[in-house]
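To start, the structure under review is shown below, and the notes come after it.
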There are 2 protein chains.
Amino acid sequence: MRAEKVTSVDVAMRAGVSQSAVSRVFTPGASVSPKMAEKVLKAAQELGYRPNVLARSLITGRSRIIGLVVAYLENQFYPDALERLSTALQAHGYHILVFMVSNDDAGVDRVMGELLDYQVDGIITASVGMSNALAARCAAAGVPVVLFNRGQDDHRLNQVTSNNLEGGRKIADFLAAGGHRRIAHIAGWSGSSTGRDREAGFRAGLEAAGVGLAACVDGMYNRETAAAAAREIFAGDDRPDAVFVGNDHMAFAVMDVLRFELNLDIPGDVSVVGYDDVPLASWPAYNLTTLRQPSNRMVEATVSTLLGWIEEGSSDVQKIQIDGPLMVRGSARIPEGWLDERL
Amino acid sequence: MRAEKVTSVDVAMRAGVSQSAVSRVFTPGASVSPKMAEKVLKAAQELGYRPNVLARSLITGRSRIIGLVVAYLENQFYPDALERLSTALQAHGYHILVFMVSNDDAGVDRVMGELLDYQVDGIITASVGMSNALAARCAAAGVPVVLFNRGQDDHRLNQVTSNNLEGGRKIADFLAAGGHRRIAHIAGWSGSSTGRDREAGFRAGLEAAGVGLAACVDGMYNRETAAAAAREIFAGDDRPDAVFVGNDHMAFAVMDVLRFELNLDIPGDVSVVGYDDVPLASWPAYNLTTLRQPSNRMVEATVSTLLGWIEEGSSDVQKIQIDGPLMVRGSARIPEGWLDERL
DNA sequence: ATTCAACTTGCATACGTATGCAGAAAGATC
DNA sequence: GATCTTTCTGCATACGTATGCAAGTTGAAT
C-alpha cells in the first residue's frame, strides 16, 4: 500500500548520471546536452519519476501555490470567479489553496497564519477585507496580496474591482431617466468598499438627476436581510416604484418577496436593478437588469498583477477599476429611446 | 521587500536550545518539559516563528493538502459542497488545492500528474470520473481517492453518493401516484454513474407502477442541452404531463423553457421534478420539487473516509450511498393525501 | 546514599531537490 | 596541433524540519 517514492537519485542511478544532471533536465533553462536530456527523460519515464514540488520549493523559495481566502460561495459571482482564477493560474503552473473564512477580522487573522505556513507565493482575497496588521505581516513575509472585488486604503494592498462608483451612477441615471420618482436602495454591506461605493455613486447620480432617495437599508449582502429590508420598505402605501439592490444575489431575494409575498408586478409596479450580472441574472425566471462586473477581465487583471509581483518582482501597488456595462433586461422599466441611443 | 524567513534554528539560538528542541515543541505528542516549552514558545512568539509546512512534509511524508478535482462550478451543488468540504477539512488541519479540469479522461489525466507533484495526502473528485489507469497510479503512489457524487466500478476507489437508484424510484412513485400518464425524463449525463442510476431507478419505479416512459433524452448535465431536450419533447400535441429532470441545474433551464417559451403552467400543465435540492430550488421563483442530496452528510462521509485512510491507515474501500428525502414543493402536482400519510 | 526508571535534551542525519563552483569535454580559431 | 571559448557535468552543500539514538537529568524508591 505504501508509496514507492521515486526520486531524482533513482533516476540518476538508472541513467548512470549524477543527481544534479537529473535536476537540470527538469529545470527549464538549465544547461544540458540533448544526449543527456534524452537519457534522463528515458529513465524518468521508465520509473514514472516526477519532481517533488514541495522539496523543490524548499530550495527555490517558490511553492507555486496561491492562497485564496473567501468567505462564502453562495453568491454565484464567487464560484464563477474561483473557476476562472483557478483555470487562469493553472495555465501558468500555479494552483489555488482554498481558505474558507468568516468575514470578520478574527476569522481572517486566524487563517492568515495557516496561509503563510504553506509558503504561498501570493494571496488573493475575495469578498473579504484585511486588517492593516495583516497587510503588514504579508508585506513582511514578502507575499503579495490582491484584493479581488474589495477595496482597502492600505497602500500595500493591490486591488481589483469594478468601477463601483460609476456603476452606481449609471444605475441612478437609468432609473431616473425611466421616470421613477420614489427610488429605494437596498445597499451592499456598509462594511465593504463595494457596498459603500455603489451606494455613494447611486446617491450622487440621483442627486445629479434631481431625484431623492426614498429609502435606504443595508442588506448585508445577505438574502434574508435583503428580503426583510424589502418587506420593510414596501410595507406602506407610498411604496417605491424602483429599487436598486446592491448585488444580484440579494436582488433575487428581493424579487421573490415582491412577486410572491407582495404580489407586485416587475417591472409594472416596481423596477428592480441589481449589480454583478451573475449567470442566473440572465435566466428568464429573473431576467434581471443589472450592472455587469466583467469577471473575466477582473480575473485577468488579478492574475497579471499577482504574477507581476511574484515573477517579475514588481512592486508598484495596483488599484484597478474595471468598467462594466449596464445589462438592460426585463426587470426594470426601460426609458424611452434608451436602447436606440446606445446603439 | 524580500522576506526575512525565521526558522527553527533562529528560534533555537534565541532560546538557547537546540533546533530539535524547537521542533519538538511544535510537534504534538513529543517529549518536552514545561520549562523548555515556555522558553521556546516565548522566543518563537518574539520572532514570529511558525513551522514551514512544506519543509515538514518533506520529512513526515504528509503535506496536509487534499487535492480537489472538479469540472465546473456552475451547478450550485458543487460550490456548496466545496465550501463544506473545505471547512470540514480545515477543522482537521487540512486544506484544499483546487484543480479545474475538463470532464474527459485526457483532462483528468493531465491534471492528475500535477496533483501528485504536490504530494497531496488525498484526492477528492467531484463531478468527475477517473480512468482505471489513474486509479492504479494513485494506488501505487499510496494516495487515497474518494469520488464525491460519482460512482465507479474500480475496487480501489472510495465513493460517496446519494442513493441514486432509490432516489429515481421515489420520484417515479411520486409522479405515478400523482396520476400522471405521460411521463418524460431528461436524464443526467449517461457517461456518469449518477445519471445512469437515477434513470435506472426511475424506469424501475415507473415499471412497478405500470406507467410507461413517454420520452427520454440525455441532458448532459448541461443547461443548453437540457433546454433543447425540453423543446424537443414538448413540441408535439401529445406533450408529457410530467418530467423528471436529472438534476436541479438542468431543471431550472427546463422550467424556463416550459414557462417562458412554451407558456405552460407548472404544475398545472406539467409537473417538474429535479434532483439535488440546491439552495436555488427552494427559492420561490422555482419552488422546485426535488430529491435532496444531503450534502452535509455526504461531505461528512467523504471527510471521514478520507481521513480514515490517511491518518489511521484504513484500507477498506467504502462505497457509501446516502438516502435523501423528496422535498415536495410546488413544481409538481401533489398526490392526494401524500403529505398526510408522510407525517 | 544507591540504584533504577522515566523523562528530557542534543547530536547527527535524512527528506528530495537546486545551484555555485570547478573541472572535463567539445568546438572554434588560427 | 595548440590555444582559447563555450558548453556541459559532477561534487558538495543548502533549504527547514523531524526523529533515532545516546547521553544527560531528574526524581522516586529502596
Side-chain angles (χ1 to χ4, degrees), chain A residues 2-41 43-44 47-65 93 116-121 141-142, chain B residues 2-41 43-44 47-65 93 116-121 141-142:
Chain A
R2 216 50 245 142
E4 318 290 322
K5 301 262 176 204
V6 25
T7 75
S8 59
V9 176
D10 301 328
V11 177
M13 287 188 53
R14 172 146 194 145
V17 301
S18 73
Q19 179 269 328
S20 6
V22 177
S23 168
R24 275 188 262 262
V25 170
F26 285 92
T27 306
S31 160
V32 255
S33 67
K35 204 174 39 163
M36 167 71 81
E38 190 198 1
K39 260 195 306 189
V40 169
L41 287 174
L47 295 177
Y49 169 77
R50 305 203 46 162
N52 178 331
V53 176
L54 269 35
R56 173 178 282 174
S57 79
L58 200 50
I59 294 262
T60 61
R62 292 276 159 81
S63 62
R64 308 202 77 84
I65 296 177
L116 297 178
D117 294 348
Y118 279 93
Q119 314 294 116
V120 294
D121 289 343
Chain B
R2 215 51 246 141
E4 319 289 323
K5 301 262 177 204
V6 26
T7 76
S8 59
V9 176
D10 301 328
V11 177
M13 286 188 52
R14 172 145 195 149
V17 301
S18 74
Q19 179 268 328
S20 6
V22 177
S23 169
R24 276 188 262 261
V25 170
F26 284 91
T27 305
S31 160
V32 253
S33 68
K35 205 175 39 167
M36 167 72 80
E38 191 198 1
K39 260 195 306 191
V40 169
L41 287 174
L47 296 177
Y49 168 77
R50 305 203 46 162
N52 178 331
V53 177
L54 269 36
R56 172 179 283 175
S57 80
L58 201 48
I59 295 261
T60 61
R62 292 278 159 79
S63 61
R64 307 203 77 84
I65 296 177
L116 297 177
D117 294 348
Y118 279 94
Q119 314 295 114
V120 294
D121 289 343

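Numbers restart at 1 for each chain; the letters A, B, ... are given by sequence-line order, proteins then strands. Reckoned from all heavy atoms, side chains included, excluding hydrogens, waters and symmetry mates.
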Protein-nucleotide distance ([X], atom [atom1]; [N], atom [atom2]), rounded to Å:
X	N	atom1	atom2	value
B:Arg24	C:dC7	CZ	P	15 Å
B:Gln19	D:dT17	CD	P	7 Å
B:Glu38	C:dT9	CD	P	12 Å
B:Arg56	C:dC15	CZ	P	19 Å
A:Lys39	D:dG10	NZ	P	7 Å
A:Phe26	C:dA18	CZ	P	10 Å
A:Lys35	D:dG10	NZ	P	11 Å
B:Asn52	D:dA14	CG	C1'	14 Å

> What is the nucleic acid contact for B:Thr7, judged by heavy atoms within less than 4.0 Å: base, sugar-phosphate only, or nothing?
Replying inline: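 B:Thr7: backbone/sugar contact only, no base atoms under 4.0 Å.
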
>> What's B:Val22 touching, base or sugar-phosphate or nothing? Going by heavy atoms closer than 4.0 Å.
In response: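 No contact.
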
> Choosing from C:dT8, D:dG10, D:dT17, which nucleotide comes nearest the side chain of A:Ala21?
Replying inline: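 Ranking C:dT8, D:dG10, D:dT17 by closest atom to the A:Ala21 side chain puts D:dG10 first.
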
>> The side chain of B:Val32 is closest to which nucleotide in this list: D:dC15, D:dC8, C:dT9?
In response: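 In terms of side-chain proximity for B:Val32, the closest of D:dC15, D:dC8, C:dT9 is C:dT9.
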
> Among all residues two or more places apart in sequence or in another chain, which pass the salt bridge (charged side-chain N to carboxylate O under 4.0 Å, His left out) test with A:Arg56?
Replying inline: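 Applying salt bridge (charged side-chain N to carboxylate O under 4.0 Å, His left out) to A:Arg56 gives none.
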
Does [X] have a side-chain nitrogen or oxygen under 4.0 Å from the phosphate oxygens OP1 or OP2 of [N]?
X	N	result
A:Ser33	D:dT9	yes
A:Ser31	D:dT7	no
A:Ser20	D:dT9	no
B:Ser8	D:dT17	yes

Are the side chains of [X] and [Y] in touch, meaning some heavy atoms are under 4.5 Å apart?
X	Y	result
B:Val17	B:Val22	yes
B:Ile65	A:Ile65	yes
A:Val40	A:Val11	yes
B:Pro34	B:Glu38	no

>> Given the structure, check if the side chain of B:Thr60 and the base of C:dC15 hold any donor-acceptor pair shorter than 3.5 Å.
In response: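 No pair found.
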
> If each of B:Leu58 and B:Ala37 is mapped to the nucleotide of DNA chain C with the nearest heavy atom, which maps nearer the 5' terminus, i.e. the 5' end?
Replying inline: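 Closer to the 5' end of DNA chain C: B:Ala37.
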
> Of B:Val17 and B:Ala55, whose closest DNA chain C nucleotide lies nearer the 5' terminus?
Replying inline: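 The residue whose closest nucleotide sits nearer the 5' end is B:Val17.
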
